[in-house]
Amino acid sequence: MRAGAVLVFCPVSHRASEVSHLVRVAQAVGYIGPSTYQGFDHTAMAADIAAREPVLRQVFTLEAPGAASPYGGLTTDPSGYHYSPLGSIDAPPEPVLAQNAGQVAFFLLSGDTTTAPQLIPRTHNDYAYQAGAAAELVPLTENDVYLAALPAAFNFTFGCPGIVGTLSVGGAVVLVENPGPVECFPVIGRERVTITSLAPAVAQLWLDAPPTVQGDLSSLHLVQIGGAPLHRATAERIGPALGCRPQQVFGTAEGPLTLTLPADPEETVLTRQGRPLSPDDEIRVVDVDGKDVPDGEPGELLARGPYTVRGYYRAPDHNARSFTTDGYFRTGDLARRTPDGKLVVTGRLKDVPRRTDHEDPSGP
């Protein structure tokens with residue numbers, strides 16, 4: 001980012017179909033990834049994509065494929081692209097480029113698994129606000145240590161408040177390769193981790209860890225749970241088993257973020273996803289015709305606000321389906337709002353007819 005590059009955060013689990021789509025839409029000139037990871041050859045994948053997408057000119061990997069030394073410098077592959085081992089990259093320092101904070105800093109990816117991933121443009125301004133406001137709400141201090149148990153490319157891990165929020169207050173971040181208790185429990189004890197973020201399925205693994213998996217969890221004071229609905233029975237086990245209070249979090253990479261607060265009653269923390277992060281967030285719960293439903297009634301969650309995007313990058317057809325004409329993001333999540341303004345998110349909107357703003361309500 002300091003060099004003026006705009007990044008696309010691509011999970012290492014993505015393969016050629018997703019990565020080539022992202023290269024084509026973003027017109028990405030470079031790819032950075034492992035040479036091989038968990039038996040998959042990412043370098044070969046990048047070479048294949050570069051052969052079909054000439055815009056991809058440079059591939060950076062931990063090791064050069066087939067090189068005698070992993071730090072052999074710049075090499076040209078027969079297919080025409082260049083790869084460089086990361087250890088060989090060096091240059092004299094240059095002044096940081098002056099940039100507009102309203103410009104795109106990086107792209108996150110949409111979580112819709114039914115279509116190719118969409119590019120979500122996040123600006124320096126909107127993401128700094130999101131991570132900073134979430135850090136203040138938690139609250140985080142310079143004494144906190146955040147464990148990035150889930151992949152760093154996830155919005156939840158990166159900025160809710162996550163990695164960015166922790167670093168913004170002077171705290172420390174610890175990265176692990178596997179979110180399971182076997183790897184994480186010893187790290188929590190050794191690094192004196194105070195906060196982490198887990199998906200419900202990973203939280204279940206932690207709660208069901210056998211006695212042989214040991215670690216000093218006494219430093220841990222907050223576990224954020226998000227990414228899917230959390231069953232109450234699981235939420236009730238977190239305090240006794242892990243010795244800390246859970247915080248329910250709902251959010252999407254497109255922006256809208258809700259959290260329970262440290263001062264919330266126990267019932268709220270166990271059963272709700274909290275309030276919107278910003279006082280300027282606008283939240284609606286609507287029926288299939290786009291009309292607001294009363295509090296307590298389920299419907300699709302719509303949101304707009306200071307850190308929620310107004311469209312995907314180079315995806316006009318997808319934008320017509322995913323955003324209203326007045327800028328609300330259709331999350332695709334089913335939710336209801338309680339009388340005191342808190343959200344209960346119950347799942348995804350699946351196979352429910354939904355009319356776009358451009359359709360005639362009198363039509364078929």
Side-chain angles (χ1 to χ4, degrees), residues 131 133-152 154-176 178-251 257-275 277 342 345:
E136 184 177 350
L137 184 147
V138 167
L140 290 178
T141 73
E142 62 183 7
N143 298 317
D144 278 298
V145 179
Y146 177 77
L147 175 66
L150 300 176
F154 290 178
N155 178 52
F156 191 21
T157 314
F158 195 59
C160 297
I163 295 169
V164 176
T166 303
L167 296 179
S168 73
V169 299
V173 173
V174 180
L175 303 171
V176 291
N178 189 304
V182 172
E183 180 166 352
C184 289
F185 282 11
V187 170
I188 290 171
R190 184 176 67 248
E191 303 294 340
R192 308 305 294 162
V193 169
T194 61
I195 177 175
T196 190
S197 308
L198 304 176
V202 176
Q204 193 71 53
L205 290 176
W206 283 29
L207 296 174
D208 295 339
T212 53
V213 179
Q214 297 182 353
D216 179 7
L217 307 184
S218 61
S219 62
L220 198 62
H221 68 74
L222 187 68
V223 173
Q224 294 183 305
I225 307 292
L230 175 67
H231 295 300
R232 178 173 183 145
T234 303
E236 289 176 338
R237 293 180 59 196
I238 290 174
L242 303 181
C244 63
R245 203 177 193 216
Q247 179 187 51
Q248 294 223 40
V249 180
F250 166 79
L257 182 63
T258 70
L259 310 90
T260 55
L261 302 175
D264 279 339
E266 191 75 7
E267 183 69 14
T268 296
V269 175
L270 294 176
T271 62
R272 291 160 172 71
Q273 281 67 54
R275 291 178 178 273
L277 175 68
K342 296 182 175 65
V345 181

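No experiment lies behind these values; they were computed from the predicted model shown.
- Shortest non-hydrogen contact noted between Ser168 and Ala135 is OG-CB, 4.5 Å.
- Here the shortest heavy-atom pairing between Leu230 and Ala235 reads CD2-CB, 3.6 Å.
- Comment: Asp216 does not engage Arg190 in a salt bridge, judged by the lack of any side-chain N to carboxylate O separation of less than 4.0 angstrom.
- Rounded to the nearest 0.5 angstrom, Leu147 CG and Leu220 CG are separated by 8.5 Å.
- Residues Leu207 and Ala241 share a closest heavy-atom pair of CD2-CB, 3.5 Å.
- The shortest side-chain heavy-atom distance between Arg272 and Thr258 does not fall under the 4.5 Å cut-off.
- Counting heavy atoms from C-beta on, the side chains of Leu137 and Arg275 never come closer than 4.5 Å.
- Side-chain atoms of Tyr146 and Ser197 include a donor-acceptor pair closer than 3.5 Å.
- Taken to the nearest 0.5 Å, the CD1 atom of Ile163 stands 5.5 Å off from the CG atom of Leu175.
- For the atom pair CD (Glu183) and CG (Asn178), the distance works out to 5.5 Å, reported to the nearest 0.5 Å.
- The two residues Ala149 and Leu198 make their nearest non-hydrogen contact at CB-CD2, 3.9 Å.
- Without hydrogens or angle criteria, Gln273 side chain to Phe250 main chain gives no donor-acceptor distance under 3.5 Å.
- Between the Gln224 side chain and the Cys160 main chain, a donor and an acceptor come within less than 3.5 Å of each other.
- In this structure a side-chain-to-backbone donor-acceptor pair under 3.5 Å is present from Gln247 to Thr260.
- Within the 3.5 Å criterion, the main-chain N or O of Leu270 finds a donor-acceptor partner in the side chain of Gln248.
- Expressed to the nearest 0.5 Å, how far OG1 of Thr268 lies from CG of Leu261 amounts to 9.0 Å.
- Taking CZ of Arg232 as the reference point, atom CD of Glu267 lies at 4.0 Å (rounded to 0.5 Å).
- The 12-atom threshold is not exceeded at CD of Glu136, counting heavy atoms of other residues, nucleotides or ligands nearer than 6.0 Å.
- Nearest heavy atom pair, residue Pro246 against residue Val269, reads O-CG1, 3.1 Å.
- Nearest heavy-atom pair, Ile225 versus Val223, reported as atom, atom and distance to 0.1 Å: CD1-CG1, 3.6 Å.
- Salt bridge status for Arg245 with Asp264: absent, with no side-chain N to carboxylate O gap under 4.0 Å.
- Taking CG of Leu277 as the start and CG of Leu259 as the end, the distance is 6.0 Å to the nearest 0.5 Å.
- Counting heavy atoms from C-beta on, the side chains of His221 and Pro262 never come closer than 4.5 Å.
- Inter-residue side-chain proximity for Thr166 and Val145 is flagged as unmet; no heavy-atom pair is nearer than 4.5 Å.
- The residue from Thr196, Ile238, Leu217, Val213 that alone fulfils the side-chain contact (heavy atoms from CB on, under 4.5 Å) condition with Trp206 is Thr196.
- Counting heavy atoms from C-beta outward, Thr234 and Pro200 have side chains that stay 4.5 Å or more apart.
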